[in-house]
> 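Take this structure, written in structure tokens, and hold onto it; I'll ask about it next.
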Amino acid sequence: MQVLDRIDGFRKELDTARADGKAVGLVLTMGYLHDGHTSLIRRSAEECDLTAVTVFVNPLQFGANEDLDRYPRDVERDVAIAADAGAEIVFAPPVEEMYPTGPVLTSIHVADVSEGMEGAVRPGHFDGVATVVAKLFAIAGPCRAYFGEKDYQQLAVVRRMAADLSFPVDIVGCPIVREDDGLAMSSRNVFLSPEQRRAASVLYRALQAGATDLGRARQAMADTVAEEPLVQLDYAEVVETDNEYRLVIAARVGTTRLIDNLGVAK
Ligand code: AMP
């Protein structure tokens, strides 16, 4: 396992791997790895010859009143978990390495798909995501990049950005990994008190209620969340695509924001 913190060194390692004929897999994370992240790393390790994991808490995608400062961090632990899941490289650059000139003057905005839902509740969030993902793709070069469906709208933004800008990156969407009670795994779950943690499983129950009552799914999801006083709904939406309905939900539990979604085949 190699742990790198400089852009040049990381780029060189991946260039060398490709020159040796290896297929490169990339897993972009903000660290504090859990089984959701390791499912992406394992899939990459299965499908590619070399897997690189990036760990970077990207300031550009946090709003002024969000949890950038308290976001959980433990790179040493992340390196051990990534190695165990089959990664060969962890790239964990400091903020000054990624954004050395201070304010970043270039921003990528993916219209339409970044609007509504998370885009409405977190203005500027997806510009920050698209910008850092484009930068990491530009650094990493041709590869397969694994993203979780957990961040459903983010996956749509990244897919569109990569297609529109012709990045030589195949985007692979991977299923959501859940705790036993259905709560989607998230680095932010560590913020929940035991009582809040129990309450948080209502998000998955709400998605299931919506899935069994598709005609009034938004109301069914809202009604289910309303039964849990510790959880405040931000939104419950249904997104229709060619082959499925995707139920999407976001809520706050105390000061912790949680998101989740569930696909229902047509
Ligand atoms: P994050 O560190 O939260 O930015 O997530 C990094 C990547 O892991 C993103 O592609 C997420 O969608 C994915 N991910 C996070 N949680 C899960 C989960 N519970 N199941 C599957 N993928 C996940």
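Indexing begins at 1, ligand by ligand and atom by atom, following the structure's order.
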> Answer with yes or no whether the side chains of R205 and S201 bring together a donor and an acceptor at under 3.5 Å.
yes
> Considering only heavy atoms, does M185 approach ligand 1 within less than 4.0 Å through its side chain, its backbone, both, or neither?
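Answer for M185: both.
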> When only distance counts, is E149 in polar contact with ligand 1, meaning an N/O pair under 3.5 Å?
no
> Considering only heavy atoms, which of P175, S186, G31, C174 lies nearest to atom 21 (C) of ligand 1?
P175
> For C48 and A23, which heavy atoms make the closest approach, and how far apart are they?
CB-O, 3.5 Å
> Please identify which atoms of ligand 1 are closer than 4.0 Å to at least one heavy atom of H34.
15 (C), 16 (N), 17 (C)
> Ignoring hydrogens and geometry beyond distance, is a side-chain donor-acceptor pair present between R144 and Y146 at under 3.5 Å?
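Y146 and R144 do have a side-chain donor-acceptor pair below 3.5 Å.
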> Check ligand 1 against D151 and write out every atom of the ligand that is under 4.0 Å from a heavy-atom position of the residue.
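Those qualifying, in numeric order: 11 (C), 12 (O).
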> When only distance counts, is M30 in polar contact with ligand 1, meaning an N/O pair under 3.5 Å?
yes
> Does a sphere of radius 6.0 Å around CZ in R160 hold more than 12 heavy atoms from other residues, nucleotides or ligands, not counting ones at 6.0 Å or beyond?
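Incorrect, the count does not exceed 12.
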> From the options L155, V177, I176, L40, select the one residue that forms a side chain to side chain contact (heavy atoms under 4.5 Å, CB included) with K150.
I176
> Output the list of atoms in ligand 1 that are nearer than 4.0 Å to some heavy atom of K150, sorted by atom number.
16 (N), 17 (C), 18 (C), 23 (C)
> So is R77 actually on top of Y32's ring, under 6.0 Å and inside 45° of the axis?
yes
> Hey, does the side chain of E47 reach the backbone of S44 with a donor-acceptor pair shorter than 3.5 angstrom?
no
> Is there a polar contact between ligand 1 and Y146, counting only N or O atoms under 3.5 Å apart?
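In this structure, Y146 places no N or O atom under 3.5 Å from an N or O of ligand 1.
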> Geometry only, no angles: is L40 polar-contacting ligand 1 at N/O separations under 3.5 Å?
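N/O-N/O distance below 3.5 Å does not exist for this pair.
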> Check whether the side chains of E179 and Y204 place a donor and an acceptor atom closer than 3.5 Å, and report yes or no.
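Result is no, nothing qualifies.
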> Should one rank S187, G148, S39 by closest heavy-atom distance to atom 10 (O) of ligand 1, which comes out on top?
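Minimum heavy-atom distance to atom 10 (O) of ligand 1 goes to G148.
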> May I ask you to list the atoms of ligand 1 that are less than 4.0 angstrom from any heavy atom of I176?
20 (N), 21 (C)
> Kindly give the heavy-atom pair with the smallest separation between G116 and Q153, and that separation in Å.
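G116 and Q153 have their closest heavy atoms at O-NE2, 3.1 Å.
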> Within the structure, is a non-hydrogen atom of R188 found at a distance of less than 4.0 Å from ligand 1?
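So R188 does not count as touching ligand 1.
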> Tell me whether L28 reaches ligand 1 (any heavy atom closer than 4.0 angstrom to a ligand atom).
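Per 4.0 Å heavy-atom rule, L28 contacts ligand 1.
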> Counting non-hydrogen protein atoms only, what is the nearest one to atom 20 (N) of ligand 1? Give residue, atom name and distance.
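For this ligand atom, the closest protein heavy atom is V177 N, 2.9 Å.
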> Which atoms of ligand 1 are found less than 4.0 Å from any heavy atom of F147?
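This gives 10 (O) as the contact atoms.
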> For atom 5 (O) of ligand 1, which protein heavy atom lies nearest, and how many Å away is it?
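Answer for atom 5 (O) of ligand 1: H37 NE2, 3.5 Å.
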> Walk me through it: do E88 and Q2 pass the test side chain to side chain donor-acceptor pair (under 3.5 Å)?
CA-CA 6 Å; E88 280 87 5; Q2 284 198 76; over 6 Å; no
